[in-house]
Amino acid sequence: MEEKNELLELCGTVEDIIYRNPTNGYTVMTIESDEYITTAVGLITSIDIGDELKLIGNWKVHNTYGEQFAFDYYEQSMPSTKENILKYLSAGTVKGIGKATAKKIVDTFGEKTLEVIRDNPEKLATIKGISKEKAKELSEDIKNTFGMREIMIELGGYPISINESVRIWKVYGKDAVDTIKENPYVLCSEDIGVEFARADNIAIKSLKKSLDDEYRIRAGIIHVLSENTRNGHTCLPKEKLLYAMEYEKFLNLSRNIVEPVIEVMIKDGSIISNDIDGTEFLFLPSYFKSESYAAEKLKIMLELPPKKIKGAAKALKNFEKQQTIQYAELQKEAIVKALEGGVLILTGGPGTGKTTTLNALIELYKQCGLKVILAAPTGRAAQRMSEVTGEEAKTLHRLLEVEWDNNHHASFKRNGRNLLECDALIIDELSMVDSLLFEGVLRALPLGCRLIMVGDSDQLPSVGAGNVLSDLISSEKIPVVQLTEIFRQSLKSLIVTNAHKIVKGDFPEITRTDNDFFFMSYSDQNIISSKIAELCSSRLPNTYHFSPFDDIQVLCPSRKGELGVVQMNIKLQNVLNPEIHSSKGITSGNYTFYKNDKVMQVKNNYDILWEKSDGTEGMGIFNGDIGKIIKIDHKEKIVYVQFDDKTAEYDFELLNNLELAYATTVHKSQGNEFNAVIIPMYAVPYPLCYRNLLYTAVTRAKKILILIGEISTMQSMIENNNKTLRYSALKYFLNAETE
């Protein structure tokens, strides 16, 4: 499309709406001005035939559709002339008014028509065919339509997007502008989703609010607690929060100003205070509720276990004979405990027989007539669980039947009033389950149902807030069996044996070149980057017939730098996706996306529409899901992404949910396994240079693992056993006395 960069103003009336995307407001319409009729394209909140607009933008020449006026800003007003009012009402945009009725109304009230409908509906009822009730309905319709438009125009003075404006209108209606003028920090609420810094800028620069405004302090406190949930913390020591509030680049307010507001917020329930081992911790209510509920439910499950399966040891012995298999002592212990008790954690590293134990347990449960459900946190983890057990496994979200309300808040249809129908629930990859999801599982679990939780306690904790697996184990309240013996078949794999060495703090075997674990030594990051690109594009595909998209994954300890996620993705995109040279992309954030790009969803989004090949539809794509762009529709501003058996639609404004996924962080790879994994080992930032991050990365590889860089970097990671600190309270609540 050719473009003329001169900024122009176009005034006119909407003659026709050719295309409109209701999700993001992208509109193609015909505008009649004093001089001519032309096509205009751009984003607009709501639009109807007959509307009078002032558009600000420039002329573009589209290769297919010719000259168009592309607008970036607009002003909208109620139709003012009889002709335009008639066009507006005749277009069917006001429910219950057809062309004949529209003509009667306009003939009667002329240019005052819309004002009469809005403000004096009783006059409208004097027209034959319009009852008083109908007149009131029409009045409300006009009020809502033009009330929203007037508010949109006022909100246009602030740095607020169209989608945000629509959300503001839905939440606050006609009071939206007054509400924001009084308290601009309502923009930070979950319903609207404006980031704190932008709301703070509106408050201070546009609305001249003071730095010590109580609304600002309250919003700042919520912001700090919310941001820390993104770092994995379910709570925060009060002193840490006060320090953050004093930080000159944040609120820059002293504690004597902030502390009284904290006390008020504790009293009104906006935040929760709890003393943990002599330290005052502050929680957002949802996280306090999730951890305290989980602890109490688990205590009840332990106190009221399901009916004991008698003869568990004998049943296991008979099963061994049937299957001609001999389980290790710890495997037997786990199976018997799971048969006799109600709650169990099964943990262990790669090659220690977790899957074999699980398969035996599932079969024995079924022989006892129990209904067993299998689940995992992610689609990939559930798929892998299905493959190794031969049984259907669901994602936890699907199991709990996730749904969302009018404000797009996720909730679960399976809950305390609609329990799961099972006798035993087995959850794999528990290390990935965060506090809120764990609460959801326990709420839906009927008393008397067995709960078996499987995971590797040495892996990184969940992306979401909480430290569920670690807290459960360290509380010493939940029965745990840790498998430690590496089985003979797994001993042949250096990936397995080296992973166990790493987690113990020992240096791995890196001299062999005839196995599945390789170290390539280089000291120049540019060379390392080029070698990684070569491995992905030619060496691994040629040697092992691996697909660069489906089989090979680069895992970077860090996002930043030449060997960080962002730069490696750009480099790999250039060598792996020829579409960047032959098709038009769309830029969002750090990346320009093209057809055939490998991408990852980076946040839970329950609103993204998807469809399967059999016509099944649904909504929701989740953090860590990996897919491939199969189409970019620039006209409709939609990107289509294939996630396994689902095709999802992303409006251009939703592309901030996606990142390129040729390379990703170790944290984002959790729950996934890849045939080949490549890990750069060079100048890893100190906060990320620790043992269980390396261990987690290594254990993502199924067939081939390649570390490339400096041996000293790997040595530093192995020697540093300081795990990332997470503030959480599940362990504390489990050990606290039940009130």
Side-chain angles (χ1 to χ4, degrees), residues 1-115 117-118 141-142 145-146 148-150 152-153 156 162 165-166 584 633-638 651-653:
M1 179 183 281
E2 233 177 81
E3 187 173 329
K4 302 172 185 177
N5 291 319
E6 184 183 0
L7 198 62
L8 299 171
E9 186 178 290
L10 175 66
C11 298
T13 305
V14 179
E15 282 292 303
D16 189 22
I17 298 170
I18 301 167
Y19 169 79
R20 177 160 176 76
N21 184 318
T23 304
N24 63 10
Y26 178 75
T27 303
V28 181
M29 57 189 167
T30 304
I31 298 288
E32 182 181 11
S33 67
D34 293 336
E35 301 174 10
Y36 41 70
I37 296 176
T38 191
T39 301
V41 296
L43 298 177
I44 192 165
T45 51
S46 63
I47 192 71
D48 291 306
I49 292 171
D51 282 350
E52 295 176 2
L53 300 174
K54 179 165 75 173
L55 308 176
I56 299 168
N58 53 56
W59 292 101
K60 295 182 178 180
V61 179
H62 193 282
N63 295 335
T64 304
Y65 302 106
E67 192 170 56
Q68 299 175 335
F69 190 82
F71 62 91
D72 298 309
Y73 309 98
Y74 69 94
E75 291 180 10
Q76 186 174 7
S77 58
M78 294 172 67
S80 56
T81 67
K82 286 177 64 175
E83 182 185 11
N84 287 343
I85 293 169
L86 182 59
K87 283 180 186 175
Y88 174 74
L89 294 178
S90 299
T93 50
V94 179
K95 190 178 177 182
I97 298 181
K99 290 183 180 180
T101 306
K103 190 172 187 312
K104 286 182 190 177
I105 297 171
V106 174
D107 285 346
T108 304
F109 300 111
E111 293 178 356
K112 299 288 185 183
T113 293
L114 295 178
E115 292 176 30
I117 297 174
R118 185 184 62 185
D141 198 350
I142 289 290
T145 300
F146 287 102
M148 182 173 78
R149 292 179 186 185
E150 288 164 5
M152 296 303 175
I153 290 168
I162 286 173
S165 295
V166 171
K584 184 180 178 184
D633 190 325
H634 289 275
K635 181 181 177 183
E636 295 194 11
K637 294 186 179 291
I638 295 176
D651 291 317
F652 281 9
E653 287 194 0

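Predicted, not measured: the structure shown is a model, and the values here were computed from it.
Of all the heavy atoms in Met29 and Leu53, the pair that sits closest is CE-CD1, 3.7 Å. Closest non-hydrogen pair, Lys584 versus His634, comes out as O-NE2, 3.2 Å. Of all non-hydrogen atoms in Thr27 and Ile17, the two that sit nearest each other are CG2-CG2, 4.4 Å.
Counting heavy atoms from C-beta on, the side chains of Tyr19 and Glu636 come closer than 4.5 Å. The shortest distance between side-chain heavy atoms of Thr30 and Ile37 falls below 4.5 Å. Contact check for Ile44 versus Tyr26: no side-chain heavy atoms found under the 4.5 Å cut-off. Within the 4.5 Å cutoff, the side chain of Ser33 has heavy atoms near those of the Leu10 side chain. Residues Thr13 and Ile31 form no side-chain contact, since every pair of their non-hydrogen atoms from C-beta on lies 4.5 Å or further apart. Taking the side chain as every heavy atom from C-beta outward, Trp59 and Thr38 approach each other to under 4.5 Å. You'll find the side chain of Lys54 reaches within 4.5 Å of the side chain of Glu9, heavy atoms only. Residues Phe69 and Leu55 meet the side-chain proximity criterion, which asks for heavy atoms closer than 4.5 Å.
Partners of Phe109 by ring-ring contact (aromatic ring centres under 6.0 Å, His included), not counting sequence neighbours: none found.
Atoms CD and CD1, on Glu52 and Ile85 in that order, are 8.0 Å from each other to the nearest 0.5 Å. Rounding to the nearest 0.5 Å gives a distance of 7.5 Å between CG of Asp633 and CZ of Phe652. Expressed to the nearest 0.5 Å, how far NZ of Lys82 lies from NZ of Lys103 amounts to 8.5 Å.
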